Every structure is written in C-alpha cells, then in structure tokens.
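Accompanying notes for the structure given below.
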There are 2 protein chains.
Amino acid sequence: MSKRRSSIAIPSLNVLDRTANIGRQLAQALRSAIARGELRPGERLPSTRTLAASLKIARGTVVEVFDQLTAEGYLEARVGAGTRVAAALTDASPAIPPAPAEPAADDAIDLPAPAARLISIARALTSHPPVPFAISVPAAGIAPDDNWRRLGNRVRASKQAAPSGYQDPMGLLELRLAIAEHVRRARAVHCEPEQVIVTSGTQQGLYMAGRVLLSRHDPVWAEDPAYPGLTAVLDDLGLRTHRLPVDAQGMNVERGLELCPEARAAFVTASHQYPIGMPLSMTRRNALIAWADRNRAWIVEDDYDSELRYAGHPFPSMQGLRPSRVIYLGTFSKVLFPSLRLGYAIVPPPLAEAFAGARAILDRHSPIAEQHVLAAYMREGYFEAHIRRIRSLYAERRAILLAALERALPQGCQVQPSDQGMHVLLWLPEEMDDVRLAARALSAGLAVRANSPMYAAQPARAGLMLGFGGFPQAQLEAAVGELSRLLQALIA
Amino acid sequence: MSKRRSSIAIPSLNVLDRTANIGRQLAQALRSAIARGELRPGERLPSTRTLAASLKIARGTVVEVFDQLTAEGYLEARVGAGTRVAAALTDASPAIPPAPAEPAADDAIDLPAPAARLISIARALTSHPPVPFAISVPAAGIAPDDNWRRLGNRVRASKQAAPSGYQDPMGLLELRLAIAEHVRRARAVHCEPEQVIVTSGTQQGLYMAGRVLLSRHDPVWAEDPAYPGLTAVLDDLGLRTHRLPVDAQGMNVERGLELCPEARAAFVTASHQYPIGMPLSMTRRNALIAWADRNRAWIVEDDYDSELRYAGHPFPSMQGLRPSRVIYLGTFSKVLFPSLRLGYAIVPPPLAEAFAGARAILDRHSPIAEQHVLAAYMREGYFEAHIRRIRSLYAERRAILLAALERALPQGCQVQPSDQGMHVLLWLPEEMDDVRLAARALSAGLAVRANSPMYAAQPARAGLMLGFGGFPQAQLEAAVGELSRLLQALIA
C-alpha cells in the first residue's frame with residue numbers, strides 16, 4: 001500500500017488531448033481513477049518529476065494538479081513522504097463516489113410547501129402581452145420619448161453614473177431630492193429627502209412596508225377587492241388580513257372598526273381604489289387617521305397613478321394629513337414605464353433606516369445608472385412635461401374607449417365612473433364568468449383582467465379592467481368591437 | 001337647516017387669487033369652512049349658477065368643485081334637492097376635523113418590533129466608500145470598459161430594449177440563454193435556460209431560495225463564519241440555523257450530521273468560503289450531496305467569485321454534481337460591477353416557477369434595458385474578454401498586496417492562503433479587537449471589514465478582509481503602510 005508507484009496506469013491518461021488544457025485533463029483523470037478505485041486511499045503516487053516525464057508534460061503542470069487535488073481533499077502531501085491518495089476517503093461513508101449517481105428523476109422532486117404556493121402566485125401575477133387592453137403599456141413614441149434615451153446616454157457617459165460599487169440602500173440622493181420635490185408639489189406630501197427610499201416599484205414598497213411594520217400573525221386591514229400583488233404579499237408575510245368591503249366612498253373603515261379595531265396597519269389605495277376606481281372619501285380618510293392615531297397603527301397609502309387625473313382636482317394625499325402614521329408609496333411604472341423598475345416610499349423619519357435595512361436584506365439597492373438618469377430627467381423638467389403630455393394623450397384615449405364602449409356594449413354591461421388612471425372598469429352582467437371571458441379574450445388577442453378573482457371575503461362581482469394608454473384610436477375601437485362580440489356570444 | 005343659502009360668507013373666498021387656480025382655491029375654502037363648522041352637515045349650498053355669479057367665476061368651475069367635494073364626501077347631491085354639506089359628517093366621531101391635530105412628536109413613535117431589528121441590519125450591512133481595501137470596487141478604466149457604455153447606447157436605441165410594460169419575472173430570455181452558456185462552460189453547471197432566473201444579485205438569490213425552499217422554523221445549516229447578508233436573510237425568515245465550523249476543508253459537514261441531520265437546506269460558499277477563502281474539499285462535497293440525497297434536502301451554493309481564480313483549476317460546481325438538489329447562485333457584481341444589480345439563480349426545473357413567483361411578490365422583475373445590454377455583451381464576446389482582462393489585472397494587484405503585506409506586517413499577522421476572489425483575509429493576533437481596528441481604519445481612510453462579527457457559534461477569530469481589485473499599486477502600497485501603522489499602534 002505504501003509502495004510508491006513509478007507510473008500510473010490510467011487508461012484516460014493515454015488519450016490526453018495535447019491541444020487542450022493538459023492540467024485539467026490530468027486532474028480529471030486522477031479524480032476518476034480514485035473514484036473507480038484504480039488508485040486506493042493511502043496509495044503513494046509517483047513523484048511529480050517521474051509523472052511529468054512519463055507523460056511528456058511540464059513538471060509544473062503536475063505540481064499544480066497535485067496541489068489542486070490536495071486542496072480538493074483527494075490527495076495528501078506529507079513532507080518527505082511524497083503524495084498519497086487521501087486516507088480520509090476511506091473514512092467517508094462507502095456511498096461516496098465523487099459524483100454519486102442521481103437518486104431519482106427530476107419529476108420525483110417533492111416540492112417544498114412554500115414552492116407550491118409560489119407557483120400559483122406566479123400564475124396569478126402573469127403579465128399581459130402588449131395588446132389591448134393591457135394596462136401599463138407605455139404609449140409608443142411618447143412614453144418616454146427620445147429625450148429619455150439621449151439624456152440617458154449623456155448621463156451614463158459622466159463619471160458619476162459610471163459602473164461602481166455598492167451604494168446606499170436608500171437610493172441615490174439626487175433622485176430622492178427630486179422625488180421629494182415632486183410629491184410635495186403634486187401630492188401635498190410632507191417630506192424631506194431623508195424620508196424617501198427609492199424602491200423598484202410599488203410591489204417592493206408593499207413588501208418592505210410589510211416587513212418593517214408588521215410581525216407574523218399581526219392583524220391588518222385591506223380593501224376587498226384589492227390589488228393581487230398586495231394580497232400575495234400579505235399572505236406571504238403570514239398576516240391576519242381583514243378584508244373590508246369597498247363602497248361608493250371606498251374602503252369601509254367603519255367595518256374595520258367593528259371587525260378588528262386592533263389591526264396594526266391598513267393598506268389602502270386612497271386616491272383611486274384598485275381595481276374599481278373611486279377615491280376614499282374625506283370622511284373615511286379622517287376616520288382612518290383617527291383610528292391610526294388612537295391605536296398607533298399604520299396606514300400604507302398606495303398612490304399608484306394619481307398623476308393621471310383627467311377631471312376635478314386630485315385628493316390631497318393621506319400622507320399630507322398625517323405624515324407620522326402614513327407610509328406613502330409611489331411608482332414611475334405608470335407615468336414612465338414598468339420595465340424601468342423604479343418607485344419610492346415616503347416614510348416617517350424614525351422608520352427610514354429600518355426600510356433601508358429591509359432593502360439591504362432583500363436586494364441591497366436599485367441599479368444606480370438609471371437612478372442618475374431619472375434624477376436628471378426630473379431635475380431638467382422633462383418629467384413634468386412628460387406627465388402633461390401623457391395626461392392629455394391618455395385623456396383622449398380614455399374618451400375614445402368610453403365612447404366606443406357606449407356604442408358597442410350589450411345590455412347589462414356598465415362602466416364604473418372614475419376620473420383617474422390607466423384603466424376603466426367594465427362591470428359585466430352578474431351571472432357572467434369574467435375569468436372564462438378573460439381567457440377567451442386572450443386567445444382572441446385581447447388582454448383583459450378579470451375582476452372577480454380580486455375579491456377575498458365579499459361576493460365577487462364580475463368585471464373587466466380595460467387599459468387604454470398604450471393604444472391608438474383604431475386599435476382601441478377594433479378591440480372594443482372584438483370584446484363586444486365575445487360578450488354577445490357569452491350572453492346568447 | 002334645509003334653507004338654501006343664496007351666498008356663502010366664507011372669508012377666504014374674498015381673497016381668491018385670480019392669477020392662480022380658482023377651482024382649487026374654492027375647493028379648499030369650502031373644505032375649511034366645513035371643517036370649521038361655518039358650513040354645517042345637512043346645510044344646502046347655493047346653486048352653482050348663483051355661486052359662480054357671486055364670485056364672478058365660470059359656472060363650470062363651480063360644478064367641478066362641487067363634483068370634487070361630493071367625491072371626497074364633503075358634499076351630497078340629490079336630484080332636485082340641490083347640493084348639501086354631507087350629513088355623514090355628523091355621524092363620524094366628533095374628533096374628525098379634515099386634518100386632526102398631530103397627536104405626538106415624531107420621536108415619540110414606537111418602533112414596530114421588526115423595524116428595530118432591521119435598523120441594526122442596515123448598520124451592519126453598510127457599504128464601504130471606494131477607498132482601499134473596499135471589496136467589489138470596479139477597477140477604473142477597465143471594469144467594464146467603454147465597450148459597455150457604447151454597446152449600451154446602441155442596444156437601448158433598438159426597439160427591443162425601449163421602454164416597455166411588465167416582463168417575465170424569470171428575466172429576459174436572451175440573457176438567460178447567455179447565462180446558461182456561461183455557467184455550463186465556466187463552472188460545469190448542468191442547466192437549460194428554463195432553469196435560469198435572473199436576480200438582482202446574490203442577496204436576492206439567497207432571499208428567494210429561503211422563501212421558496214423553506215418554511216418558518218425549518219432547520220438549516222450555514223457556515224460559521226458566514227456572509228452577513230446570508231445571516232440576515234436566515235434570521236429574517238425565522239429559520240433555525242445550525243452554524244457549522246469551517247476548517248481547512250471548508251464547512252464541517254460531519255458536524256452538521258451530528259447536530260441536525262434533518263436540516264432542510266445547507267447554505268455553502270463551496271468554491272471560496274466567505275470570508276476565509278478555502279474551498280470545500282471533495283470529500284465534504286460528496287458527504288453534503290449524500291446527505292441531501294438521503295434527506296431530500298437542498299444545497300444552496302453561493303458561487304460569488306469563482307470566475308476570479310488565480311492558480312490551480314476551479315473546483316467544478318456542486319450543482320454539476322447533483323443538479324436536482326442544488327440551487328446555484330451567481331452574480332455579475334464581482335466580474336462586472338455591483339451597481340448593475342444583476343445576478344442569477346440556476347434551479348432544478350420543478351422549482352423554476354416557484355422562484356418566478358417569489359420574484360413576482362418581491363419586486364416583479366429586474367429592469368429590462370440593462371438585461372438586453374448584458375445579453376449583448378455576453379453574446380458578442382465582450383464578457384469573456386473582460387473576465388480575462390480583470391483576472392490578469394487582479395492577479396497582479398493581489399501579488400502586489402501580498403508582497404506589501406509580507407514586507408510591512410507586524411509579527412502575529414498572517415495571510416490566509418487562497419487562490420481566488422477579490423479579497424485576501426488577514427488574520428490578526430488573537431487578542432486584537434478587529435471591529436475597533438476597522439473603525440479606526442475607516443477614520444484613516446481605509447475600508448477594511450472585520451472578520452469576528454461574522455461568527456455566530458464558534459469562538460470568533462480576529463481578522464480583516466482586504467479587497468485589492470479597485471486599486472493600483474501605489475495606492476495599495478500606501479494603504480498597507482497605513483494599515484501597518486494602525487496595527488503597530490494597537491499592538492504596542
């Protein structure tokens with residue numbers, strides 16, 4: 001066993017390919033020989049000089065390979081005693097070859113419990129192709145325009161926005177300044193840049209708010225129906241969610257006070273209820289704030305599209321009414337474009353660092369170059385000009401959609417009044433299966449979102465969310481015609 | 001109470017600023033009047049025609065304001081009965097003014113339990129300024145070079161990479177193809193593009209793996225010491241973590257088999273233990289795989305820097321040995337740059353959709369434009385060329401650092417041998433306080449990471465992580481001189 005071999009008789013060594021990496025081949029051949037038992041634990045190898053000579057390769061290559069296999073634990077080197085196959089390989093369980101045979105086919109994998117749940121979420125949150133009536137499709141040629149690209153090229157060429165190391169999880173300070181300025185002016189949000197955390201959008205804002213504010217099993221309020229991305233977060237965090245019905249004044253806060261006054265947080269789309277569209281009334285806003293004050297609870301205000309208001313004045317934000325109890329979430333997905341993945345959270349100052357910690361755990365921070373671009377876009381006035389332009393374009397397209405629906409829709413369908421956003425909600429006759437209709441529509445080249453799956457506790461009401469922003473007149477009108485045919489067929 | 005006022009005596013209406021938005025001023029004046037009780041619940045307002053005439057403003061403006069306040073819940077309109085202050089305002093609790101007074105100062109905010117914990121994480125995970133010896137600072141002028149920017153400008157000008165709607169949470173298919181090709185060739189990873197999920201880096205990969213594979217209180221194995229970002233994730237997910245000591249062969253798998261053979265997953269930096277630097281030996285790899293097979297447990301392989309190997313051959317990935325049990329995590333933060341925020345997870349096919357669901361909940365997907373740029377960078381061969389260049393540059397800088405340390409270091413300090421990565425670990429004399437030293441170094445303009453806080457269960461060993469990639473010779477040598485002075489002062 002301790003006799004040193006003067007050569008190694010390993011078949012694969014005879015077929016060394018001299019045009020490829022010799023060392024790598026030698027290492028692999030030795031590993032295989034050990035695995036197959038051709039070289040046994042404790043057995044001495046030839047000296048590096050001998051082996052190099054016998055293989056007609058550089059001695060340095062053999063030395064490197066021996067070092068490598070020693071590091072891997074295949075070989076052991078003792079001073080003066082040469083190199084041996086590691087004795088430890090005998091200690092290991094007998095079932096340890098270098099690559100134990102695969103024990104079962106992939107399809108035999110037992111899914112971990114969370115995985116099964118996450119698979120159904122992946123299916124529920126599937127994004128739509130850019131066909132009518134997908135929401136959040138930026139209008140071609142305008143959103144955002146060539147200014148965005150040219151400015152981007154310029155900004156990225158500057159040293160500031162060049163490739164760099166890890167950055168502040170709160171986001172780029174210049175961007176946070178621009179965001180604070182924007183929300184103060186446009187949404188009456190009270191904040192300093194220190195309260196602004198750049199997010200990758202509302203979805204992450206909701207997840208972070210959940211992580212920072214709440215512990216598992218904490219009771220919370222949410223609207224019913226609600227944004228499915230919120231429902232997924234609340235479930236994922238193991239919260240006890242009380243779903244409050246939505247009426248003409250928005251979320252029924254009184255119902256929350258009956259059901260669970262001790263809730264720790266309320267998640268609300270106050271300015272434009274998602275998916276239905278009404279704002280939360282002032283009475284309800286005040287009741288919600290009074291509750292939060294009394295119970296030291298939190299209000300998470302998802303203000304996803306209030307830049308896009310077509311009539312009346314926007315409601316001032318809830319955050320402006322009570323900055324110390326509200327987490328305000330905004331996004332650039334609607335006014336700019338979703339694939340940018342930038343948004344923001346405005347949080348009470350004592351919570352800012354905790355949000356930074358949540359971000360650090362989740363993904364550290366948003367990419368920096370585009371934050372520089374967006375900061376410049378806002379600072380140089382492009383952003384406001386862009387909002388004005390898309391607001392006017394979207395208002396026009398919305399009017400086209402509403403007129404086309406008016407003309408073409410069968411009895412029993414009805415548009416929910418709303419003055420804001422990138423979609424309108426079409427109520428369907430009660431008996432209609434909106435999920436089935438949405439599936440049929442997708443086969444027919446229309447992307448509509450069914451309303452009924454967004455209800456959790458209340459009786460679901462059938463409806464469709466119709467986005468209009470990304471599609472010119474002819475496309476919208478043709479799509480309404482197609483939708484009308486599908487509806488007629490289901491009613492008939 | 002039901003008498004209709006023929007005019008409204010609201011002081012603020014007398015000071016309407018005719019150069020600004022009249023409607024907004026009128027709405028605010030009415031809200032304030034209602035709040036102050038100047039207009040009482042149930043009280044009828046003048047007709048829009050009368051009010052418009054009395055204020056000398058367009059009737060349409062008044063109609064809009066009434067609509068707005070009706071939507072907000074301040075007013076009620078009944079057909080034929082005119083517009084009244086909402087009766088509901090009386091039902092609400094007496095403590096409901098439009099903006100109830102702030103009940104307490106911000107500093108009286110009671111931090112939610114998770115927030116306090118996240119604040120300490122934010123502090124622990126603070127990133128370093130780009131001074132020696134910060135790790136992950138891209139080398140100026142090389143990482144990545146002008147090709148990256150020019151290619152980026154070209155790609156973003158194409159229609160493909162233009163602003164768009166929501167995309168696949170798995171990431172851009174072209175990029176997933178390029179990643180699959182890269183890891184197959186460079187790391188012997190067995191995978192198809194369907195198994196590749198684009199992440200925003202290793203941190204997110206670790207979080208997603210935790211969410212998909214594990215439920216709260218599940219037992220897991222982790223190395224000791226370990227990457228603090230991993231420790232934060234394991235704590236955040238409420239897992240029962242068994243910390244296994246690291247010896248010359250890497251994570252002590254035998255200890256895990258004694259402590260908790262029923263663990264559901266093992267998190268391991270197999271190719272380059274973080275922070276110390278040795279690879280996991282082949283014997284340990286096989287023992288780990290045998291354990292995973294037996295217990296249907298998972299191995300999460302964090303392979304953060306194996307492209308940067310300076311001697312010997314890289315170990316083949318664990319994933320290549322057992323594709324069905326290993327989640328393989330890679331990142332572009334080390335070979336390209338951290339502020340790009342792109343990485344990847346390679347997962348067994350049955351888990352791919354669950355990872356997509358986790359991503360959808362957390363933040364939907366990574367920004368798309370840079371995914372297009374990176375895919376082109378890889379496809380057109382720039383990426384491989386870049387790796388070759390930085391590997392050679394970093395090898396040189398590493399040698400400079402090691403030589404300078406050799407010359408300058410006081411007795412009792414010792415460099416941990418390692419052939420890979422962007423940092424070397426310097427062991428300090430046992431009694432030395434590496435945290436204090438790191439703080440002093442930061443004041444002196446040096447960014448070093450203390451080793452001892454990365455231990456959880458084993459006795460902490462004092463050491464410093466020294467990054468070298470981002471700094472040329474003169475800067476590295478001066479920094480070693482400064483570090484040596486700080487060390488001498490502490491030893492003396």
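The model shown is predicted, which means the values in this text are computed figures rather than measured ones. So you know, we letter chains A, B, ... as the sequences are listed, proteins then strands, and number each from 1.
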Among [options], who wins on heavy-atom pairs under 4.5 Å with chain A?
options	answer
S215(B), A356(B), S339(B), A354(B)	S339(B)
V137(B), L214(B), D168(B)	L214(B)
G343(B), G320(B), A115(B)	A115(B)
V65(B), N153(B), I368(B)	N153(B)
H365(B), Q167(B), M278(B)	H365(B)
A358(B), G229(B), A311(B), P169(B)	A358(B)

Examine whether an atom of [X] lies under 4.5 Å from a heavy atom of chain B, and if so say whether it belongs to the side chain, the backbone or both; otherwise answer neither.
X	answer
Y207(A)	side chain
A352(A)	neither
L213(A)	both
A27(A)	side chain
R216(A)	side chain
R156(A)	both
L342(A)	neither

Which atoms of A134(B) come close to chain A, meaning under 4.5 Å heavy atom to heavy atom: side chain ones, backbone ones, both, or neither?
-> neither

Per-residue contact mode, R211(B) against chain A (heavy atom under 4.5 angstrom) | both

Salt bridge flag under 4.0 Å for residues R264(A) and D218(A) | no

Could you tell me whether E370(A) and R341(A) have a side-chain N and a carboxylate O separated by less than 4.0 Å?
-> no

Counting distance only, does the side-chain N/O of T202(A) pair as donor-acceptor with the main-chain N or O of G205(A) below 3.5 Å?
-> no

How about [X] and [Y]: do any of their side-chain heavy atoms sit closer than 4.5 Å?
X	Y	value
P138(B)	L336(B)	no
H372(B)	L172(B)	yes
F337(A)	Y166(B)	no
M208(B)	V347(B)	no

Taking every non-hydrogen pair under 4.5 Å, which of [options] racks up the most with chain B?
options	result
Q204(A), E353(A), R359(A)	E353(A)
S366(A), G470(A), G357(A)	G357(A)
S200(A), P228(A), A124(A), A369(A)	S200(A)
P338(A), G152(A), A232(A)	P338(A)
I119(A), L340(A), I361(A)	I361(A)
A157(A), G201(A), A113(A)	A157(A)

Quick one: closest heavy-atom pair of [X] and [Y], and the distance?
X	Y	value
V233(A)	L206(A)	CG1-O, 4.0 Å
P112(B)	L351(A)	CD-CD2, 3.8 Å
S324(A)	W298(A)	O-CZ3, 3.5 Å

Residues in side chain to side chain donor-acceptor pair (under 3.5 Å) contact with R117(A), at least two apart in sequence or another chain = D236(A)

Mind checking side chain to side chain donor-acceptor pair (under 3.5 Å) for E64(A) and listing every partner two or more places apart, or none if nothing turns up?
-> none

How far apart are the C-alpha atoms of R322(A) and D293(A), what are their side-chain angles, what is the distance that settles it, and do they pass the salt bridge (Lys or Arg N to Asp or Glu O under 4.0 Å) test?
-> CA-CA 9 Å; R322(A) 180 64 77 247; D293(A) 281 348; 2.9 Å; yes

